[in-house]
Q: 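Got a structure for you, written out below as structure tokens; questions coming shortly.
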Amino acid sequence: MSDLIKLKSVKKKYLLGTTEVNALRGVDLIIKRGEFTSIMGPSGSGKSTLMHIMGCLDTPTEGIYYLDGEKVSDFDDDALAEIRKKKIGFVFQNFYLLPRATILYNVSLPMIYAGVSLSERKKKSTELLRKVGLSHRIQHLPTELSGGERQRVAIARALANDPEIVFADEPTGNLDTTMGNEIMEVFSQLHKEGRTIVMVTHERYIAQYGKRIIHLKDGKVEDDEEV
């Protein structure tokens, strides 16, 4: 498998008031195309910061980040947005669905921004909701769904523009164990279909759905474990 994500000596510093926070302290990491990688670590270890950089939501203070061979660490906001639109899907702990819009419309949103026609948006959104087991609820609002169903909608939305990579930040954090396992089965299926998955979690049993676990501590990679 070829390298899809490559970080070299990546550091990230923030200013909180007058205090400098070193969120990442020199991360070297390679993720191959088609891998399912979990990222674990205690609160404040840099997990979300690392995901935001890999997902082109942020840039390093120092170091280099290559995504699919492109040196994206030097990209401006517009170029990063274009990369996200073409290559990346996101799933978050809090779902971030529009509460007054149908789940069909929620799934179609990335395609609206990508300029996809209305007929194609409806067709693909319906197919994606079928894929996650919600074809019978396409006209329902998010408030009419369970937490697990809402996360399935979020996964369908993440797939709208057929991204090569799906980043998931604590995707089961607001779900009970049964719903969490159901969601992880969806991610496992996506991985079997060839999708690259990078997931942040604090739960060991969730992390083990991946084939590799990166352990962060104090902004550094402490361990790189094959599962």
Side-chain angles (χ1 to χ4, degrees), residues 1-14 20-77 79-93 158 163-173 184 187-188 190-227:
M1 293 186 291
S2 60
D3 296 350
L4 183 58
I5 287 171
K6 187 174 184 178
L7 294 91
K8 298 176 67 176
S9 303
V10 166
K11 298 180 181 180
K12 185 65 182 182
K13 299 178 182 179
Y14 296 103
E20 186 175 82
V21 177
N22 292 291
L24 297 177
R25 299 170 179 263
V27 172
D28 294 294
L29 181 62
I30 292 175
I31 294 176
K32 300 287 189 181
R33 196 178 309 275
E35 278 193 336
F36 188 159
T37 302
S38 301
I39 299 172
M40 295 189 72
S43 179
S45 61
K47 300 187 302 295
S48 291
T49 300
L50 179 59
M51 175 161 285
H52 286 171
I53 288 175
M54 290 193 295
C56 295
L57 294 168
D58 203 352
T59 53
T61 306
E62 296 179 39
I64 302 172
Y65 174 29
Y66 293 98
L67 176 61
D68 202 12
E70 291 187 274
K71 187 181 176 184
V72 298
S73 45
D74 294 337
F75 281 16
D76 62 19
D77 289 345
L80 289 174
E82 195 66 21
I83 288 286
R84 292 195 301 270
K85 184 169 68 177
K86 290 179 177 178
K87 293 181 182 293
I88 297 172
F90 293 99
V91 179
F92 298 101
Q93 178 177 346
E164 183 162 7
I165 316 166
V166 176
F167 289 100
D169 195 354
E170 299 281 7
T172 63
M184 291 314 303
F187 280 112
S188 293
L190 293 176
H191 176 240
K192 289 175 185 175
E193 293 169 4
R195 204 86 57 170
T196 303
I197 311 288
V198 181
M199 176 182 65
V200 163
T201 181
H202 65 277
E203 299 281 3
R204 173 77 187 182
Y205 81 97
I206 293 294
Q208 287 176 321
Y209 276 90
K211 304 301 181 186
R212 177 185 180 194
I213 303 176
I214 306 295
H215 296 267
L216 290 186
K217 186 176 181 180
D218 298 328
K220 294 182 178 180
V221 175
E222 183 182 47
D223 191 23
D224 189 342
E225 172 191 0
E226 295 291 334
V227 180

Q: After noting the C-alpha distance and the side-chain angles of Asp169 and Phe90, does the key distance pass the side chain to side chain contact (heavy atoms under 4.5 Å, CB included) rule?
A: CA-CA 8 Å; Asp169 195 354; Phe90 293 99; over 6 Å; no
Q: Heavy-atom count around Asp77 CG within 6.0 Å, excluding the residue itself: above 12?
A: no
Q: I need the Asp68 CG to Asp3 CG distance, nearest 0.5 Å.
A: 10.5 Å
Q: Evaluate the side-chain proximity of Val198 to Ile39: yes if any heavy-atom separation is below 4.5 Å, no if none is.
A: yes
Q: Hey, does Met40 have a side-chain heavy atom less than 4.5 Å from the side chain of Leu216?
A: no
Q: Do side-chain atoms of Lys47 reach the backbone of Gly41 as a donor and acceptor pair under 3.5 angstrom?
A: yes
Q: If you define the side chain from C-beta out and look only at heavy atoms, does anything of Arg84 sit under 4.5 Å from Leu57?
A: yes
Q: Report the distance from atom CD of Glu62 to atom NZ of Lys11, rounding to the nearest 0.5 Å.
A: 4.5 Å
Q: In residues 21-31, what donor-acceptor pairs under 3.5 Å come from side-chain atoms, sequence neighbours left out?
A:
unit_1 : atom_1 : unit_2 : atom_2 : d
Arg25  : NE     : Asp218 : O      : 3.2
Asp28  : OD1    : Ser9   : N      : 2.8

Q: Roughly how far, to the nearest 0.5 Å, is the CD1 atom of Ile197 from the NZ atom of Lys211?
A: 12.0 Å
Q: Going by distance alone, is a donor N or O of one side chain under 3.5 Å from an acceptor N or O of the other, for Arg33 and Ser2?
A: yes
Q: Within the distance-only criterion (no hydrogens, no angle test), does the side chain of Lys71 pair as donor or acceptor with the backbone N or O of Ile64 below 3.5 angstrom?
A: no
Q: Nearest 0.5 Å, what's the CD1-SG distance between Ile165 and Cys56?
A: 8.0 Å
Q: How about Ile214 and Thr37: do any of their side-chain heavy atoms sit closer than 4.5 Å?
A: yes
Q: In Å and rounded to the nearest 0.5 Å, what is the CZ to CG distance from Phe75 to Leu67?
A: 8.5 Å
Q: Do Lys32 and Glu35 sit within salt-bridge range, that is, some charged N less than 4.0 Å from a carboxylate O?
A: no
Q: Is Thr196 reaching over with its side chain to a backbone N or O of Gly34, donor-acceptor style, under 3.5 angstrom?
A: yes
Q: Less than 4.5 Å apart, side chain to side chain, heavy atoms only: is that true for Ser38 and Met199?
A: yes
Q: Taking side-chain hydrogen bond (donor to acceptor under 3.5 Å, both in side chains) as the test, write out the residues that go with His215, two or more places apart.
A: Glu225
Q: Quick check: does any side chain N or O of Ser45 sit under 3.5 Å from a backbone N or O of Lys217, one acting as donor and the other as acceptor?
A: no
Q: Can you name the closest pair of heavy atoms from Phe167 and Met54 and give their distance?
A: CZ-O, 3.4 Å
Q: Where do Gly89 and Pro163 come nearest, in terms of heavy atoms and distance?
A: N-CB, 3.5 Å
Q: If we only count heavy atoms from C-beta on, is the Tyr65 to Ile5 side-chain gap below 4.5 Å?
A: yes
Q: If you define the side chain from C-beta out and look only at heavy atoms, does anything of Tyr14 sit under 4.5 Å from Thr61?
A: no
Q: Is Phe187 close to Pro171 at the side-chain level, that is, under 4.5 Å between some pair of heavy atoms?
A: yes
Q: With rounding to the nearest 0.5 Å, note down the distance linking CE in Met51 to CZ in Phe92.
A: 8.5 Å
